[in-house]
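A quick write-up on the structure given underneath.
These numbers come from a predicted model, not from an experiment. Heads up: numbering here begins at 1 and tracks the sequence.
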Amino acid sequence: MQNPELEMAYKYARYTHRNIFLTGKAGTGKTTFLRRLATMINKRMIIVAPTGVAAINAGGMTIHSFFQLAPGLYLPGQDIAGREKKSRYSYSKQKINILRTLDLLVIDEISMVRCDLLDAIDEVLRRYQNRYVPFGGVQLLMIGDLQQLAPVAREDEWQILKENGYISPYFFGSQALRQTNYTTIELKQVFRQADQTFVDLLNQVRDNKMTPEAFATLNSRVNPYFQPKEEDGYITLTTHNRQAADINTTRLQQLPTQPVKYQAEIKGEFPELSYPTEVELTLKIGAQVMFCKNDPNHEYYNGKIGRVVKCDAERVFVECPPDSMDPDNKGNIEASKTIAVTKQEWLNTKYSTNSKTGTITEEVVGIFTQIPLKTAWAITIHKSQGLTFDHAIIQADRAFSPGQVYVALSRCRTLEGLVLSRHIPSSVITVDPQVVAFNHFIENNQPTAEQLIKDQRLCIEEILFRIFDFTPLQTRLKYLLRLAEEHLYKPYPNYVRKLRSISDEMEGLSDSQRKESPLHVGHIFQGFIHQQISLSENFDDNHILHERLNKGFAWFLNRTVELFQGLIEEGLPDIDNKATEEQISREFDLLRQDYILKVQIFNDCLGKFCLDAYWNAKAIAVMNADNPKVVKKKTTKSSKDKASEKITVNASDDIKNPKLYEALREWRIKKAEQLKVRPFAIMHNTTLIALVNYMPADRNELKTIPGIGKHTLQAFGTEILEIIGQFRT
């Protein structure tokens, strides 16, 4: 990390569970921090942004797209009449899995997010995680500068929001966020501008505290008759779209050269509002252009200005003067260089879970391919957000929103490269009083190193409490039991009794059971954890706690497997009613996922618990949950298939030959030790019971046993038949 504030932000994102608002003036490294974050933490995270362009730039999705929210007002606990609701909560299994296991939600350009939209996110996350805490307990990292772009709230919308208890349209007016103790970190070091005089001027514009000297400095850049040299690459920033379009069209038409058209290729889903440049891009030799993408080979970057010197069917040759961002520019005076520009791809991504690693990854759903250029004699100030220019002509005398003048000026790298086409009146340099008050609060409430240590300790305690809390697992089990008692008791009484027995042991209804009850013992262990963490300043140095944690992980791992492994391996019995089957299967799958998560965390945190081990265990558990090994039973078969039909067996079935069962079980244990895998990876209990009760005599009969596939038959078939043969009479 390059400075203390960035280091603090990184540690808060990685080692705490506290919500974070990361802010800072333009050019302080917020975007750079976001790009590096995903490579530096193990939490399951996604990135969203309020607009398509911001989402594409951040490498994520729009808020509305990811959470499937229709445009309009969101009032907590209320439905808006006439609102289209078809897609609301109609999430795919993949999306639900992401929502249930999400650790960190990054929201870029948070200044544009309206308060009620943040509460809509809260509603969705509560639905799929912890319904009793804001945002379901998911950590938020909100990135942006409130003095740049503001949320859109028409007068009628704001009136309704006020009537429903909102104090501000900005994100900090969110009712859910106000219930959290979020921290704010302000980046102070400006990387974009090196001239302190210019930095001071920008700060005064930003805070609307312009001195006469600052106005004099700013107005010294006014030159209404300025005619830039073509080779200098000046761009005009305007307040309105029409102004920019008129300038670009006029300047392109004035060129005497022949136009060349480049057609974009669009595959899959790519919203028109997110197009990074024109679908049909018209260029001419002599046209001033701006790159609208960072080059992977670092020849150009988003916002770099140049001039077209040659066009052919596949390439555009752009001559660019060297600048401070050019990797070949080492401060020496160099000649301009020409870049051969070919088509590049922009990706529209959706999030999915990687089946190999269990981490949340980006799934490409659309590709926009085009020459990464725009005609760039002029662009709007709003579209310049996030860009940097060496030379700019600014038309900001008609600025109409707070912070617009600041955004325009802060795009420039130097004061010398800035020209004002007209004087900027003080009346258009405005700042929202709510933003001023909030920024004052931020300045006086930066987290300290001592506070970071406390928040780290609190995060560890919260996670350990969650690990040893068996209430959610027991609640899931009891709901499955209730469904089974209602629908399965008559055809499968043994299965229902087994569920009831596990539930009783989990809860510890009798004195003898309480000593072995994960629910009861977990509650006691939580008290011990709280006591030890409060006694120690440094978690890593608390050897007593780590020793007890290791013993706890081992005991809870064995007890959880003992209670649930057979149930999970067995799967569900056949259920004739489709609706009932879907309901019970859904609850069983959720129970299975919670069980896998518990076991994975206990197993991976043995040795010495740390937060990274916990996040990694969660990712692996999600991967395992996505690839269930549940026996699928067949209900009907045609006569010609009956010879190869798998038999039906439940783990709760009676074992007809206990000695054969013990022999096969011992063989499985030895084989697992030889291959260095867990015993159930060799063979599930349902397969052992089926082998014992049906005692296949040859390989054809062996193939009818559930769990005996081609690989198992080839690897172990001969050994299994030999063991069974010893018990045949």
Side-chain angles (χ1 to χ4, degrees), residues 12 16-23 46 48-51 62-83 85 88-89 91 99-100 102-146 149-185 402 432-442 445 455 458 462:
Y12 259 96
T16 82
H17 200 252
R18 197 168 174 186
N19 294 334
I20 309 159
F21 171 42
L22 179 66
T23 188
I46 63 169
V48 294
T51 67
T62 66
I63 294 171
H64 289 84
S65 177
F66 180 79
F67 290 101
Q68 296 176 205
L69 300 169
L73 286 170
Y74 299 94
L75 302 178
Q78 298 184 38
D79 291 324
I80 306 297
R83 172 81 54 82
K85 301 177 187 176
R88 200 176 190 196
Y89 303 140
Y91 299 134
L99 291 169
R100 288 187 72 243
L102 185 63
D103 298 315
L104 176 64
L105 174 64
V106 180
I107 307 177
D108 197 23
E109 299 290 2
I110 190 65
S111 67
M112 301 171 66
V113 177
R114 206 169 62 192
C115 53
D116 57 317
L117 181 56
L118 200 56
D119 283 337
I121 295 173
D122 166 68
E123 184 179 338
V124 174
L125 293 177
R126 285 183 193 245
R127 183 180 179 89
Y128 292 101
Q129 294 213 26
N130 188 340
R131 71 181 66 182
Y132 302 108
V133 297
F135 305 102
V138 174
Q139 183 183 20
L140 300 188
L141 170 58
M142 301 163 287
I143 302 176
D145 181 3
L146 285 171
L149 294 176
V152 177
R154 300 193 312 264
E155 184 59 37
D156 59 327
E157 292 175 325
W158 174 229
Q159 187 60 39
I160 294 173
L161 290 171
K162 283 197 296 185
E163 292 171 359
N164 282 270
Y166 285 100
I167 61 171
S168 169
Y170 288 94
F171 79 94
F172 54 78
S174 156
Q175 295 178 13
L177 187 65
R178 290 171 64 196
Q179 297 174 34
T180 72
N181 182 28
Y182 63 96
T183 190
T184 57
I185 300 173
D432 192 319
Q434 294 181 85
V435 172
V436 174
F438 187 74
N439 282 338
H440 181 72
F441 166 77
I442 289 173
N445 289 276
D455 288 333
L458 181 61
E462 288 177 350

Checklist outcome for this item: Separation between CD (Gln434) and CG (Asn439), nearest 0.5 Å, reads 12.0 Å
Checklist outcome for this item: Minimal heavy-atom distance between Asp103 and Val138, with the atoms involved, is O-CG1, 3.7 Å
Next on the checklist: Between Asn130 (side chain only) and Gly137 (backbone N and O only), is there a donor and an acceptor less than 3.5 Å apart?
Outcome noted: no
Checklist entry - Can you tell me how far the CG atom of Leu125 sits from the CZ atom of Arg100, to the nearest 0.5 Å? => result 13.0 Å
Next on the checklist: Is the shortest side-chain heavy-atom distance between Leu161 and Asp116 below 4.5 Å?
Outcome noted: yes
Item to check | Smallest separation among heavy atoms of Ile20 and Gln139, with atom names | outcome: CD1-NE2, 3.7 Å
Next on the checklist: Please find the pair of heavy atoms, one from Thr180 and one from Pro134, that lie closest to each other, and give the distance.
Outcome noted: CG2-CB, 3.5 Å
Checklist outcome for this item: Heavy-atom nearest pair, Arg131 first then Arg126, reads O-NH1, 3.1 Å
Checklist entry - Going through the distances and angles, do Thr184 and Thr23 end up as a side chain to side chain contact (heavy atoms under 4.5 Å, CB included)? => result CA-CA 7 Å; Thr184 57; Thr23 188; 5.8 Å; no
Checklist entry - Between the side chain of Asp122 and the main-chain N/O of Ala176, is any donor-acceptor distance below 3.5 Å? => result no
Checklist entry - At what distance, to the nearest 0.5 angstrom, does CG of Asn19 lie from CE of Met142? => result 5.5 Å
Checklist entry - Can you find a heavy atom in the side chain of Ile63 that is under 4.5 Å from one in the side chain of Leu117? => result yes
Checklist entry - Out of curiosity, Ile143 CD1 to Ile110 CD1, how far, rounded to the nearest 0.5 Å? => result 9.5 Å
Checklist entry - So Tyr12 and Asp455, side chain to side chain donor-acceptor pair (under 3.5 Å) or not? Walk me through it. => result CA-CA 8 Å; Tyr12 259 96; Asp455 288 333; 2.6 Å; yes
Checklist entry - Taking the side chain as C-beta and beyond, is there a heavy-atom pair between Val48 and Thr62 under 4.5 Å? => result no
Next on the checklist: Once ring-ring contact (aromatic ring centres under 6.0 Å, His included) is applied, do any residues pair with Phe172, and if so which ones, sequence neighbours excluded?
Outcome noted: Tyr170, Phe438
Checklist entry - Out of Leu105, Asp108, Ile107, Val106, which residue meets the side-chain contact (heavy atoms from CB on, under 4.5 Å) rule with Leu141? => result Val106
Checklist outcome for this item: Here the pair of heavy atoms bringing Gln129 nearest to Leu99 is NE2-O, 2.8 Å
Checklist entry - Are any of the side-chain heavy atoms of Val436 and Asp432 separated by less than 4.5 Å? => result no
Checklist entry - Do Phe21 and Ile442 have side chains that get closer than 4.5 Å, going by heavy atoms? => result yes
Checklist entry - Going by heavy atoms in the side chains, are Arg178 and Ile167 under 4.5 Å from each other? => result yes
Checklist entry - Atom CG of Asn181 and atom CZ of Arg18: how far apart are they, to the nearest 0.5 Å? => result 4.0 Å
Checklist outcome for this item: Nearest heavy-atom approach of Cys115 to Ser168 is SG-O, 3.2 Å
Checklist entry - Should Tyr91 and Val124 count as side-chain neighbours, where that means a heavy-atom distance under 4.5 Å? => result yes
Next on the checklist: Could you measure the distance from the CG atom of Leu146 to the CE atom of Met112? Nearest 0.5 Å is fine.
Outcome noted: 12.5 Å
Checklist entry - What do the steps show when you test Arg114 against Phe171 for side chain to side chain contact (heavy atoms under 4.5 Å, CB included), and what is the final call? => result CA-CA 5 Å; Arg114 206 169 62 192; Phe171 79 94; over 6 Å; no
Item to check | Exam field: side chain Ser111 to backbone Ala150, donor-acceptor pair closer than 3.5 Å | outcome: no
Item to check | salt bridge (Lys or Arg N to Asp or Glu O under 4.0 Å) against Glu462, all qualifying residues, sequence neighbours excluded | outcome: none
